[in-house]
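What follows is a short report on a single structure.
By convention in this document, chain letters (A, B, ...) are assigned in the order of the sequence lines, proteins followed by strands, and residues within each chain are numbered from 1.
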Amino acid sequence: MTDHPTPSSADSDASGEDPVTQACVHIDAAARQLEAAAEADAFSPLLGLAGLLSLIRGGFDPSIRSAVDPNDPLSPIAHVDRALSLLDGVPPSAGPADLLVWSLRLQDLRDTLMAAVMAQR
Amino acid sequence: MSTTTVGDLLDRAEILARSLRAADAQISTSQWRSFDATAYRLLHELVGPERVGVREQILSHASVSRILNGYPSPLAAPNPQTTYNAKQAANHLGVSHSTVVADIRESRLPATFDGRRYSIKATDLPTADDVQRADPASTNPLDQLTCTLGLLADMVVTERSRTTPTPGFDPLRDDAMVAPVVARVFAMTIVAARDALAHIPLQDADRPLAIAQYAEHSLDALGDVDRPSGLSQVASFAPPSSPGTPNEELEAALRAWAGHARTELATTIPSTEVLRDIANQGRHLYAVSARLATASFTAGHLSEDAARAVHEELRQPAQIMHRLQQQWETVTTATKPSHEYVTATTTLHSTLTAIEQESLLPGDHVEPARRIDLDQAMTDLRYAATDLVELSYTAAQLPEPLIRAQLLFAPARILPSTMERIHDRNHGRYVPILLEEGEALIDAAQKGSSAARQVRATLEISARPTAAVVSSSHLLADGLSRRELHSATRPGGPDLR
């Protein structure tokens with residue numbers, strides 16, 4: 001088990017990690033941003049979404065976390081979109097056997113996330 | 001609402017037993033035998049296996065076991081897995097202990113010997129083969145009573161086979177809680193036997209007479225059992241398979257999530273992602289409970305004090321759960337969450353969010369199809385709070401053994417640096433954490449478990465009649481005994497009586 005303290009910024013895609021690992025970093029970064037946006041309100045609806053993102057990231061790989069990047073230029077939706085794009089690029093024979101299922105879950109959650117972000121505005 | 005408690009079934013059974021007298025319905029010997037076998041099965045499951053460990057418990061249980069062992073030649077084995085010792089087998093066969101021992105020694109009865117006692121499979125004992133199951137569709141009150149007792153027995157089996165314990169609530173291993181239920185079953189047995197004596201052919205009357213005499217004797221032998229039993233609060237759920245209303249969706253989602261969470265916690269090496277999600281889902285459930293309490297006040301179902309108390313007293317536990325999930329985030333067992341769990345928790349999240357966004361809108365803005373029965377929703381969430389007591393307690397037991405077994409990992413870069421870890425640090429590896437490095441997690445998990453108990457107590461108190469509803473802290477300040485508050489924290493599910 002190897003640690004992947006990959007920066008969560010947009011530059012991280014060029015870090016040389018495999019696409020699933022990079023996708024996990026983006027998912028974790030999105031979750032962290034949602035948590036920060038909840039501003040320590042334990043009743044915030046954003047925390048539930050952050051939890052689901054972390055759970056899905058754990059489905060891809062439980063050992064990957066993103067490093068906190070205070071200057072992260074991407075929004076949570078943008079991170080999820082990057083993750084989906086990376087996952088779509090994984091060759092059919094590569095990646096975990098249930099990659100498609102986790103990707104589908106992430107896609108479903110992306111729509112919920114979009115609605116939640118719109119509601120926050 | 002598709003939730004039934006042991007207390008509900010006992011009440012229904014007693015109403016049916018009363019109706020036996022009033023209905024004066026004809027019954028057959030076959031119907032009586034079905035009741036006879038079911039009553040024994042229920043008693044057998046209630047009494048359960050022998051105790052080990054604490055001497056007082058062993059002695060207390062022995063007296064209840066002795067009463068059960070006196071059941072006159074049971075007509076059928078309660079379940080195929082049952083085993084008996086020689087004395088119990090003798091009671092079953094209606095012969096002496098020495099006869100059974102002689103049969104075993106002369107190979108007429110298969111048995112194993114562990115150096116202390118014989119063990120005989122129930123399936124190896126000759127039993128009456130003409131005991132038929134009661135017809136669930138029958139309108140005869142005795143058949144209905146038999147079916148109700150059979151359901152009770154099934155609930156007891158399910159409760160006993162739970163893989164995750166609930167702290168401070170284990171009524172089936174507490175003879176003081178089992179005895180009152182056993183007494184009620186004996187009372188109903190006497191009534192049913194008397195009814196059978198009046199209706200079945202005389203040549204078959206020996207059996208109900210023997211059972212009635214046995215039940216009367218046993219009722220006396222149980223002694224003073226006139227007290228409420230926590231066992232009555234044990235609940236069984238049958239959520240709708242195709243939920244249509246928001247309430248049905250909530251119930252189905254909660255039951256599915258709780259079931260899958262239990263399964264995940266029972267795995268050899270649970271996923272820390274799931275442990276984290278349980279804390280997160282608990283936080284979400286408390287948030288929705290608080291919103292429902294506010295809506296209940298608006299609808300006039302809850303006093304303003306009670307609604308405010310629930311809202312205030314749920315916020316802190318929600319924060320504790322949030323901190324707990326942050327602690328779980330720092331470690332991993334490298335086990336992935338199961339797909340079934342993720343589906344269940346996603347569905348629950350969607351259902352709770354839909355309730356918040358569509359069913360709890362102010363005024364008349366709620367679409368008729370999305371209207372929610374607030375009382376029913378609060379009842380479901382109180383059951384979920386009970387589930388969380390059990391789940392958070394079980395989860396709080398996990399960090400220490402996982403750490404001791406070197407199964408809880410964290411990136412070497414975030415752990416204190418040691419000579420042994422330099423290599424792992426440089427190579428970005430995960431390493432097992434030490435016990436002292438897991439102290440914050442252990443502490444957060446225990447606080448989460450306590451918070452779950454506190455929430456359950458708060459929700460229980462809020463469910464009491466409006467006049468009595470004030471916050472638990474006020475109750476303590478105003479003189480409510482700690483014992484009463486403690487009883488409200490017993491995690492057996494909401495009292496539906």
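Within the model, atoms CE of Met321(B) and CG of Leu47(A) stand 14.0 Å from one another, a figure rounded to the nearest 0.5 Å. Within the model, atoms OG of Ser350(B) and CG of Asp108(A) stand 9.0 Å from one another, a figure rounded to the nearest 0.5 Å. Summarising the geometry, atom CD belonging to Glu273(B) is positioned 7.5 Å from atom OG belonging to Ser54(A); distances are rounded to the nearest 0.5 Å.
In this structure a side-chain-to-backbone donor-acceptor pair under 3.5 Å is present from Arg105(A) to His339(B). Checked by atom type and distance alone, the side chain of Arg65(A) pairs as donor or acceptor with a backbone atom of Glu329(B) at under 3.5 Å.
With a 4.5 Å cut-off on non-hydrogen atoms, Ala279(B) does not touch chain A at all. When heavy atoms are compared at a cutoff of 4.5 Å, Val288(B) does not approach chain A at all. Heavy-atom distances place no part of Ile320(B) under 4.5 Å from chain A, backbone and side chain included. Interface residue Gln325(B): only side-chain heavy atoms are found under 4.5 Å from chain A. In this structure, the portions of Leu49(A) lying under 4.5 Å from any heavy atom of chain B include both its backbone and its side chain. The contact between Arg315(B) and chain A is made by backbone and side chain atoms together, counting heavy-atom distances below 4.5 Å.
The candidate from Thr353(B), Asp424(B), Thr343(B), Leu352(B) with the greatest count of non-hydrogen atom pairs under 4.5 Å with chain A is Thr343(B). Of the listed residues (Asp98(A), Leu109(A), Thr112(A)), the greatest number of heavy-atom pairs within a distance under 4.5 Å of chain B belongs to Asp98(A).
The heavy-atom pair separating Val274(B) from Leu55(A) by the smallest distance is N-CD1, 4.1 Å. Here the closest heavy-atom approach between residue Lys336(B) and residue Pro96(A) is recorded as NZ-CB, 4.0 Å.
Shown here is Gln107(A), whose CD atom has more than 12 heavy atoms of other residues, nucleotides or ligands within 6.0 Å.
Within the 4.5 Å cutoff, the side chain of Pro337(B) has heavy atoms near those of the Trp102(A) side chain.
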Exercise. Might you work through the ring pair (Phe, Tyr, Trp, His ring centres under 6.0 Å) test for Phe43(A) and His322(B), ending with a clear yes or no?
Key: CA-CA 10 Å; Phe43(A) 285 173; His322(B) 182 54; over 10 Å; no

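Under the side-chain hydrogen bond (donor to acceptor under 3.5 Å, both in side chains) criterion, the residue pairs touching residues 283-293 of chain B are Asn280(B)-Arg283(B), His284(B)-Glu356(B), with sequence neighbours excluded.
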